[in-house]
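Taking it in order: structure first as structure tokens, then the write-up.
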Amino acid sequence: MIQARSVGKSAFYMAGGKIDPGETPLAALHREIREELDAAVVDARLLDVFECEAWGHPAGTELEIHCFIAGLASEPTPTSEIAEIRFFTRDEYASMPDVAPGSLMVFDRMQALDLID
């Protein structure tokens, strides 16, 4: 699964961001992937909605993640706010020094559904 590391951050996490007022989760997905990975989303379908503590924020900061499975119409390219992108297996990601709880939850769900090894 692809993960992005923002400029100035140490952890990789799923590309994406906040849903703007009046925006649907699917529209936010398309906008955020264009902004962060300079790619268009194709064949998106909702995987699930996850709730967890937000990594890199004060303790107790809750996060709701509308997670989609999708393809990209072109090779992803990090934009100015993204320092690096990488593809990880679940175990590679879990062994990183800093791990975003939401990303790990998604890896685990995808593995449980036999979508990844």
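Numbers here simply count residues along the sequence, with the first being 1.
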Shortest non-hydrogen contact from [X] toward [Y]:
| X | Y | result |
| --- | --- | --- |
| Thr79 | Glu35 | OG1-O, 2.7 Å |
| Thr89 | Glu92 | N-OE1, 2.8 Å |
| Ala44 | Leu29 | CB-CD2, 3.8 Å |
| Ala39 | Ile33 | O-CG2, 3.5 Å |
| Tyr93 | Val99 | CE2-CG1, 3.1 Å |
| Gln111 | Ile116 | N-CG1, 3.6 Å |

## Note on the structure
Residue set satisfying side-chain contact (heavy atoms from CB on, under 4.5 Å) with Ala94, at least two apart, ordered chain then number -> Arg90, Leu104
How many angstroms lie between [atom1] in [X] and [atom2] in [Y], if you round to the nearest 0.5 Å?
| X | Y | atom1 | atom2 | result |
| --- | --- | --- | --- | --- |
| Phe50 | Cys67 | CZ | SG | 5.5 Å |
| Phe12 | Ile2 | CZ | CD1 | 10.0 Å |
| Leu37 | Leu72 | CG | CG | 6.5 Å |
| Glu36 | Ser6 | CD | OG | 6.0 Å |
| Met1 | Ile69 | CE | CD1 | 9.5 Å |
| Met105 | Ile65 | CE | CD1 | 7.0 Å |

### Query
Does any non-hydrogen side-chain atom of His57 lie less than 4.5 Å from one of Leu63?
no
### Message
I need the full list of side chain to side chain donor-acceptor pair (under 3.5 Å) pairs touching residues 65-76, with sequence neighbours left out, sorted by first then second residue.
### Response
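Those involving residues 65-76 are Glu64-His66.
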Tabulate below the donor-acceptor pairs under 3.5 Å that side-chain atoms of residues 81-88 make, not counting sequence neighbours, or state none.
unit_1, atom_1, unit_2, atom_2, d
Glu84, OE1, Arg5, NE, 3.3
Glu84, OE1, Arg5, NH2, 3.3

#### Entry: hydrophobic_cluster_shared for Leu46 and Met14, side chain cutoff 4.5 Å
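Result: no, two separate clusters.
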